[in-house]
Trainee: 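Below: one structure in structure tokens.
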Amino acid sequence: MAYSDKVLDHYNNPRNVGSLDKNADNVGTGMVGAPECGDVMKLQIKVDDASGIIEDAKFKTFGCGSAIASSSLATEWLKGKTVDQALAIKNTDIVNELSLPPVKIHCSVLAEDAIKAAISDYRAKQSKKAPAEQTVA
Amino acid sequence: MKTPIYLDNHATTQVDPRVLHAMLPYFTQNFGNAASRNHEFGWVAEQAVDKGRKQIADLIGASAREIIFTSGATESDNLAIKGVAEMYAEKGNHIITAATEHKAVLDTCKKLEKNGYRVTYLPVKGDGLIDLDMLREAITDKTILVTIMYANNEIGVLQPIAEIGKLCREKGVLFHTDGVQAIGKVPVDVNKDNIDLMSISAHKMYGPKGVGALYVRRKSPRVQITAQIDGGGHERGMRSGTLNVPGIVGLGEACEICRLEMPEEMKRLRYLRDKLRSKLEAGLDEIYLNGSWEHRLPNSLNLSFAYVEGESLLMGINDVAVSSGSACTSATLEPSYVLKALGLGDDIAHSSIRFGIGRFNTEEEIDYVADKLIDVVGKLRELSPLYEMAKEGIDLSKVAWARD
């Protein structure tokens, strides 16, 4: 299979590889896929408490080159966005940017799922934290 | 050293220049039809075909009259299985094969099932070999054919062919073997192994594509098959169609070279294969061998690199031609059915790479491939959430994965 230049670029120079502290209140972690399906993506966001802007994003992916590129691109896009803006990222945006062929569309879907899972984890932590803060106050 | 490096010799092989040299005159000056009995052109072609037949027979311990030429091993498998099924339909309707056979055998058996035949697909053990006791128990008085491959095309394991042949002979059941990966690589003797029918391909042994043969035993027992291609009655009525004379010359020459050079070649390929494995194992943790090590072709290695997906691995070694059992590299998007039949998880199949070392590979190439793989696997594991989790001591089999 021929890969697009952008997929090759992300594969050869993946952006934002790594892990954030998954126990931190302002870090949301999304893990999607399964090893037996050949794809597992872990995507994390770190949100600035004051501004609500995603200040950092990291990923690790087990999967084909297109899956690696999709998640690498997602972390690039997430940084600097608000959580609501991040939720607007669609898998089709990733497909277009990376020129993914039809058989690789599921990689982009997985990346969108990973973004949503990370945000939902972040929001769950925030809503748990909020009542606690009120009690202290 | 030139790149890309070809390490996919189970898929096909380069034509040996000596084979090509032998073939060339049969395209131009000696272009006759081997079935033309009344002129020089035909006689020259027929002589060449006779020589090819003898060269093939000599490699497998057969007699020349037991060789039927075909277009390749897929046709040979079809002819053997369907030809026996049709010819012996009155004796029985049961065929036994194995789960890890080539699709040319499995799909042929499935076709016969639609036509009222009964097929038993034997499972294989974790090392890829069939269980002889299960085979013995599977044979009934309705069984007409056992078809088990000599060596597997994905994992390179050698089935216990002599034992299977002996058992089939005792039970009076015909034994066909797809010999494609084994012939020319390891000593094969149809009499010692009690093989009744055997499929042969030229392009897996440094011959040309588009030509193959079927060995059909002529005595004790005399095996009969019903032709699947009708026409001019070539090949004693078993396979009609004008003979591919240059192809047959090439197949014959390829067999002769393999026969003469096999002892040396086996040693050399085994050395390279073992070196590749030991270098990789020294440089990387958690790599797993797929299939028996002891019962294996000398040129074959199938490894799984845990926590790394096969297609991404192939992408990282894009100047090395190998195959993966990963779903992403297959047309069906399913991981290898052969690896699954070993009882391995899909994740191990996704992480597998098949190395097929051949006549034209050098030690320098093997060193290069090993170094490159160690580097790429290391990088991809840095990227792998599974490797990270495993290093944290998490049992991946107990994780509740978010599936679609």
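Labels below follow one simple rule: chain letters A, B, ... track the order of the sequence lines, proteins then strands, and each chain is numbered from 1. What you see is a predicted model; the values in this text were computed from it and never measured.
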Trainee: What is the minimum heavy-atom distance between B:Asp346 and A:Glu36, and which atoms define it?
Mentor: CB-O, 3.3 Å
Trainee: Nearest 0.5 Å, what's the CE-SG distance between B:Met315 and A:Cys64?
Mentor: 8.0 Å
Trainee: Count the heavy atoms belonging to other residues, nucleotides or ligands that lie under 6.0 Å from NZ of A:Lys58, then report whether that count exceeds 12.
Mentor: yes
Trainee: Would you call B:Glu388 and A:Lys42 a side-chain contact if the rule is heavy atoms closer than 4.5 Å?
Mentor: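 Side-chain contact under 4.5 Å: yes.
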Trainee: Return the minimal non-hydrogen interatomic distance between A:Lys22 and B:Glu392, and the atom names on each side.
Mentor: NZ-OE1, 4.1 Å
Trainee: Heavy-atom distances under 4.5 Å only: say whether A:Val40 touches chain B with side chain, backbone, both or neither.
Mentor: both
Trainee: More than 12 non-hydrogen atoms from neighbouring residues, nucleotides or ligands closer than 6.0 Å to CG on A:Asp5, yes or no?
Mentor: no
Trainee: Can you check whether A:Phe59 reaches B:Leu383 side chain to side chain, under 4.5 Å on heavy atoms?
Mentor: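 Yes, close enough: below the 4.5 Å cut-off.
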Trainee: Check the surroundings of atom NZ in B:Lys279: do more than 12 heavy atoms from other residues, nucleotides or ligands lie under 6.0 Å from it?
Mentor: yes
Trainee: For B:Ser384 and A:Phe62, which heavy atoms make the closest approach, and how far apart are they?
Mentor: OG-CB, 4.0 Å
Trainee: Are side-chain heavy atoms of A:Met31 and B:Val399 found at a separation under 4.5 Å?
Mentor: no
Trainee: Picking from A:Leu8, A:Asn12, A:Thr61, which has the most non-hydrogen pairs under 4.5 angstrom with chain B?
Mentor: A:Thr61
Trainee: Is atom NZ of B:Lys379 surrounded by more than 12 heavy atoms (other residues, nucleotides or ligands) closer than 6.0 Å?
Mentor: no
